[in-house]
Amino acid sequence: MGRIGNWIREGQIWGSVFRHGVPRDRRTRAMAILSNVFLHLHPVAVRKSGIRLSFTWCMGGLTFFLFLVEIVTGVLLMFYYRPVVEYAYFDIQGLRAHVTLGLLREMHRWGAHAMIITIWLHMLRVFLTGSYKPPREFNWSIGVILLVLTLLLSFTGYLLPWDQLAMWAITVGSNMARATPLAGSEGPLTSFLQIGGVPLVHAGDDARFGLLAGTFVGPNALLRFYVLHCVFIPVVVTVLLAVHFWRIRKDGGISGPL
Amino acid sequence: MTELLASGSGSSAIKELINKLCEPHWFLIISVVLFFVFLIGYRTFTKPAIAGTIGALSTLAFLASCTDPNFVKIIQKADNVPIVMMMMSVSFFLWLAFRQAAVNDERMEKGEPLLEAGADDKVLVWPDLVYIELICLVLFTAFLVVWTVVLRAPLEQPADPNVAPNPAKAPWYFLGLQEMLVYFDPWLAGVVLPGLIIVGLIAIPYIDTNPRGNGYYTFKERPFAITTFLFGFVILWVVLIIFGTFLRGPNWNFFGPFEYWDLHRPMALLNTEFHDIVWIGMLGKALPTEDWWFIPGYLIRELPGILVVGAYFVIGPLALYALFFRKIYRQIGFIRYNVMVMLLLVMMLMPIKMALRWTLNLHYVVGITEWFLNV
Ligand code: HEM
């Protein structure tokens, strides 16, 4: 076995993929991180206290992992699911009834719940270790935006199964937009926005209308939430995550006592 | 309902007591008291033996509750399973953090190095960190796979705009916001306050200029920052989620954890307006309706409420300065102080309105219904 392993590792194919030797000494171990596009999110060496599990709880890492799980399972679900009122519900039912890997829906849903828990815990640990203090203020702000986007991802995804749970949770949620000050048709002070008695903001153009692409949770809302959920928000999150990780390194790595 | 309770035989008295203690005011008051008791005694309560005992007892209580059919009905809802996980993991990690804070605080008093000391000791990412990450990832994947296989994702009847479920609940992580709707109109509970939560969170690092406690667990060096943040997170967010999930039933009425969700329980009535209390109750006059000069009558009617809210935000910062915050003001300066106090006052609106609701059954402090502007 060992001989076969060595033969593979010394061959041309292996060598072309992994440019460094087997990570056994300082130099090759450093190379293992530096020459790998994924691993080089990390620095080569880190503060010892920063990687203790009791310090970070690995919560940021788990949140990122769950984000990846959601992307993989989500893309697979997209192959099957159609965001149209006539099909949406029955596609989800079909996933359960006769799709080989229909269990992916379960993983996608529970993964989303888990991600919300881990992101809260991550924020809690960042707060309790005071890691938002200079020079990491800006990264904390990026984190808050990520938190909001994560919640929005869950919220938009909640509608897609198009069952009673989905429709009414989104109805409750989106009704709030009607009460946006100045921008919702039943919001405070909105009634002052009028020209010659004609209201500028009404149910047909207010904040809720923008959210649902209509005055009720219907086909347009389903399509809009689908696009937000599958394309728009994930892209923004990905970009912000790149900034988040970049800034961790630029701000001096995981925080520690000075 | 009585039959169900009776089937619990001897334990029914305990259950009734618990139902009683879970009523909104008791539930919140008890949570707040426990919260401060924990923070004051954190060095004692986080000792592994004591914390372990508390943990074991709560688990036992939870398991015992699972013998009750009404309790199980709520717990079993697939979407509620994550909340139970959230409760357990938040408790566990709060313990872990405060345990390390307690150890660190003690060490600092004795002049010993911190748990996180040795800032210059560097280790290579490969293998030290990469392997930790790998192990976390594998264990977590196993956990997720088990969860996936064991628990079905919920799928109810197809969406039907004509049949509204009762209660119509938001996803569990938003139930804190939905609970705010009980006390505030949607423009506050659904738009302004959530917006301010986000702004407030982003503002934290720019307000808190205390240089200590950066990069290690401690409570003693930043008690105010930690208490405030945790009050928001634990009491006003997590506790309200638990409340909204387990104790809110049809018509958003309150139901104890061992109570049957009776659809026909009438909705709570809200009939006390602040303007009635002042004009009719205290001044013995009718509500003013006449316009005065260019000011419409309804603004005069609401003048007492407007004054009270105005005073809250104008006198509040001054009073807090005079009473508690002199030192903080000196540390962070005029602008930061005002931003901080405003955010703090906004955060406290929620518990204050809750208390007013429970004691006076108060509906609106300011009720300019003509503009949809109600507080
Ligand atoms: C999609 C969501 C997020 C992901 C994937 C993520 C990921 C990470 C990772 C992997 C780390 C490295 C250290 C660790 O694991 O704790 C980290 C650090 C950090 N995160 Fe996040 N994070 C997210 C959201 C947030 C949020 C919501 C906040 C705060 C509001 C935040 C603030 C920070 C800060 C300040 C650091 C630096 C901590 C230090 O140096 O000790 N992040 N993040």
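Residue numbers start from 1 in every chain, and the chains themselves are labelled A, B, ... in the order their sequence lines are given, proteins ahead of strands. Excluded from the calculations below are hydrogen atoms, water molecules and symmetry mates; all remaining heavy atoms, backbone and side chain alike, are included.
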Colleague: Hey, is CZ on A:R26 packed in by over 12 heavy atoms from elsewhere, all under 6.0 Å?
Modeller: no

Colleague: Measure across B:L151 and A:W110 and return the closest heavy-atom pair with its distance rounded to 0.1 Å.
Modeller: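 Result for this residue pair: O-NE1, 3.0 Å.
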
Colleague: Quick one: of B:A97, B:P161, B:P171, who has the most non-hydrogen atom pairs under 4.5 Å with chain A?
Modeller: B:P171

Colleague: Should we count CZ of B:F92 as having more than 12 external heavy atoms under 6.0 Å?
Modeller: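 Yes, because the 6.0 Å sphere around CZ of B:F92 holds more than 12 heavy atoms from other groups.
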
Colleague: Determine the minimum heavy-atom distance between B:L230 and A:L124, stating which atoms define it.
Modeller: CD2-CD1, 3.6 Å

Colleague: If I measure from the heavy atoms of chain B, does A:L103 come under 4.5 Å with its side chain, its backbone, both, or neither?
Modeller: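 For A:L103, heavy atoms of backbone and side chain both lie under 4.5 Å from chain B.
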
Colleague: Given a strict heavy-atom distance threshold of 4.5 Å, which part of B:N374 is in contact with chain A: side chain, backbone, both, or neither?
Modeller: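 Contact with chain A is absent: no heavy atom of B:N374 under 4.5 Å.
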
Colleague: Is it the case that A:Y132 and B:N214 place a side-chain donor and acceptor less than 3.5 Å from each other?
Modeller: no

Colleague: Taking the side chain from A:E106 and the backbone from B:V149, do they hold a donor-acceptor pair closer than 3.5 Å?
Modeller: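 Not confirmed, A:E106 side chain does not pair with B:V149 backbone.
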
Colleague: Does A:T190 reach the side chain of B:F372, with side-chain heavy atoms less than 4.5 Å apart?
Modeller: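 Counting from C-beta outward, A:T190 and B:F372 never come under 4.5 Å.
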
Colleague: If I measure from the heavy atoms of chain B, does A:L39 come under 4.5 Å with its side chain, its backbone, both, or neither?
Modeller: side chain

Colleague: Considering only heavy atoms, which portion of A:I145 lies under 4.5 Å from any heavy atom of chain B: side chain, backbone, both, or neither?
Modeller: side chain

Colleague: Looking at chain A, which one of B:L115, B:D160, B:L373 has the largest number of heavy-atom pairs inside 4.5 Å, strictly under?
Modeller: B:D160

Colleague: Are more than 12 heavy atoms from other residues, nucleotides or ligands located less than 6.0 Å from atom CZ of A:R27?
Modeller: no

Colleague: Do you know the tightest heavy-atom contact between A:M176 and B:G190?
Modeller: SD-CA, 3.4 Å

Colleague: A:L104 versus chain B, heavy atoms under 4.5 Å apart: side chain, backbone, both or neither?
Modeller: neither

Colleague: Look up atom OH in A:Y158 and atom CZ in B:F174, then write down how far apart they are to the nearest 0.5 Å.
Modeller: 10.5 Å

Colleague: Looking at B:L201, is its backbone amide N or carbonyl O close enough to the side chain of A:W140 to form a donor-acceptor pair, meaning the two atoms are under 3.5 Å apart?
Modeller: yes

Colleague: Check whether the ring centres of B:Y217 and A:F55 lie less than 6.0 Å apart, and answer yes or no.
Modeller: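 Yes.
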
Colleague: So A:T129 and B:Y216, do their side chains get closer than 4.5 Å, heavy atoms only?
Modeller: no

Colleague: Can you list the residues that meet the side-chain contact (heavy atoms from CB on, under 4.5 Å) rule with A:P181, with sequence neighbours excluded?
Modeller: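 For A:P181, the residues satisfying side-chain contact (heavy atoms from CB on, under 4.5 Å) (neighbours in sequence not counted) are A:P188, B:W187, B:V191, B:V192.
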
Colleague: Provide the closest heavy-atom pair for A:I117 versus B:P82 in the form atom of the first, atom of the second, distance.
Modeller: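 Scanning both residues completely, I find the closest heavy atoms to be CD1-O, 3.5 Å.
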
Colleague: So B:P205 and A:K133, do their side chains get closer than 4.5 Å, heavy atoms only?
Modeller: no

Colleague: Report the option among B:V90, B:I132, B:L114, B:V163 that has the most heavy-atom pairs separated by less than 4.5 Å from atoms of chain A.
Modeller: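 Most heavy-atom pairs within the cutoff with chain A belong to B:V163.
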
Colleague: Side chains of B:L144 and A:L66: closer than 4.5 Å at any heavy-atom pair?
Modeller: yes

Colleague: Should the pair B:F229 and A:F127 be assigned to parallel (<30°), tilted (30 to 60°) or perpendicular (>60°) ring geometry?
Modeller: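 Rings of B:F229 and A:F127: parallel, as their planes differ by under 30°.
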
Colleague: Is it the backbone or the side chain of B:F143 that comes under 4.5 Å from a heavy atom of chain A, or both, or neither?
Modeller: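 No part of B:F143 comes within 4.5 Å of chain A.
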
Colleague: Using heavy-atom distances under 4.5 Å, tell me whether B:L96 contacts chain A through its side chain, its backbone, both, or neither.
Modeller: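 For B:L96, the side chain is the part near chain A, not the backbone.
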
Colleague: Non-hydrogen atoms of chain B under 4.5 Å away: do they reach the side chain of A:R136, the backbone, both or neither?
Modeller: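 For A:R136, side-chain heavy atoms alone lie under 4.5 Å from chain B.
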
Colleague: To the nearest 0.5 angstrom, please state how far the OH atom of A:Y89 sits from the CD atom of B:E156.
Modeller: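 Taking OH in A:Y89 and CD in B:E156, the distance rounds to 8.5 Å.
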
Colleague: Determine whether A:K48 and B:E116 make a side-chain contact, defined as any pair of heavy atoms from C-beta on separated by less than 4.5 Å.
Modeller: no

Colleague: Report which part of B:L129 has an atom under 4.5 Å of a heavy atom belonging to chain A: side chain, backbone, both, or neither.
Modeller: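 For B:L129, heavy atoms of backbone and side chain both lie under 4.5 Å from chain A.
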
Colleague: Which bit of A:L165 is near chain B, if near means a heavy-atom gap under 4.5 Å: side chain, backbone, both or neither?
Modeller: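 Interface part for A:L165: both.
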
Colleague: Taking all non-hydrogen atoms of both residues into account, name the closest pair between B:C136 and A:L53 and its distance.
Modeller: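 Smallest heavy-atom distance, with atoms named: SG-CD1, 3.9 Å.
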
Colleague: Between A:A32 and chain B, with a heavy-atom cut-off of 4.5 Å, which part of the residue counts as in contact: side chain, backbone, both or neither?
Modeller: side chain

Colleague: How many angstroms lie between atom CG of A:L34 and atom CH2 of B:W126, to the nearest 0.5 angstrom?
Modeller: 13.0 Å

Colleague: Taking every heavy-atom pair that is under 4.5 Å apart, which of B:T209, B:N210, B:L177, B:L188 has the most such pairs with chain A?
Modeller: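 Looking at each of B:T209, B:N210, B:L177, B:L188 in turn, B:N210 comes out on top.
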
Colleague: Which label fits A:F65 and B:F140: parallel for a plane angle under 30°, tilted from 30 to 60°, or perpendicular past 60°?
Modeller: perpendicular

Colleague: Below 4.5 Å, heavy-atom pairs only: which of B:G213, B:A168, B:A170 has the largest tally toward chain A?
Modeller: B:G213

Colleague: Answer with yes or no after comparing the ring centroid distance for B:W371 and A:F192 against a 6.0 Å cut-off, counting only values under it.
Modeller: yes

Colleague: Heavy atoms, side chains only, cut-off 4.5 Å: are A:S54 and B:Q100 in contact?
Modeller: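 SC-SC contact between A:S54 and B:Q100 confirmed.
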
Colleague: Do you know which of B:S89, B:A164, B:P186, B:P211 has the most heavy-atom pairs under 4.5 Å to chain A?
Modeller: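 Looking at each option in turn, the highest pair count goes to B:A164.
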
Colleague: Hey, does B:V130 have a side-chain heavy atom less than 4.5 Å from the side chain of A:I33?
Modeller: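 A side-chain contact exists here, since the closest heavy-atom pair is under 4.5 Å.
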
Colleague: Could you tell me which portion of A:R29 (side chain, backbone, both or neither) has an atom closer than 4.5 angstrom to a non-hydrogen atom of chain B?
Modeller: both

Colleague: Short question: side chain of A:R96, backbone of B:R152 - any donor-acceptor pair under 3.5 Å?
Modeller: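 It does not hold such a pair.
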
Colleague: Applying a criterion of heavy atom separation less than 4.5 Å, what residues of residues 219-227 of chain B form contacts with chain A?
Modeller: B:R222, B:A225, B:I226

Colleague: Check whether B:D185 gets within reach of chain A through its side chain, its backbone, both or neither, counting any heavy atom under 4.5 Å.
Modeller: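 Neither part, no heavy atoms under 4.5 Å.
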
Colleague: Using non-hydrogen atoms only, which part of B:P194 is less than 4.5 Å away from chain A: side chain, backbone, both, or neither?
Modeller: neither

Colleague: Which pair of heavy atoms, one from B:L155 and one from A:P161, lies closest together, and at what distance?
Modeller: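 What the structure gives for the nearest pair is CD1-CB, 4.0 Å.
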
Colleague: Indicate yes or no: at least one non-hydrogen side-chain atom of B:K169 is less than 4.5 angstrom from one of A:V172.
Modeller: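 They are not in side-chain contact.
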
Colleague: Of the backbone (N, CA, C, O) and the side chain (C-beta and beyond), which part of A:L128 lies under 4.5 Å from a heavy atom of chain B, both, or neither?
Modeller: both

Colleague: Side chains of B:W172 and A:H113 only: does a donor on one sit below 3.5 Å from an acceptor on the other?
Modeller: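 A donor-acceptor contact under 3.5 Å links the two side chains.
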
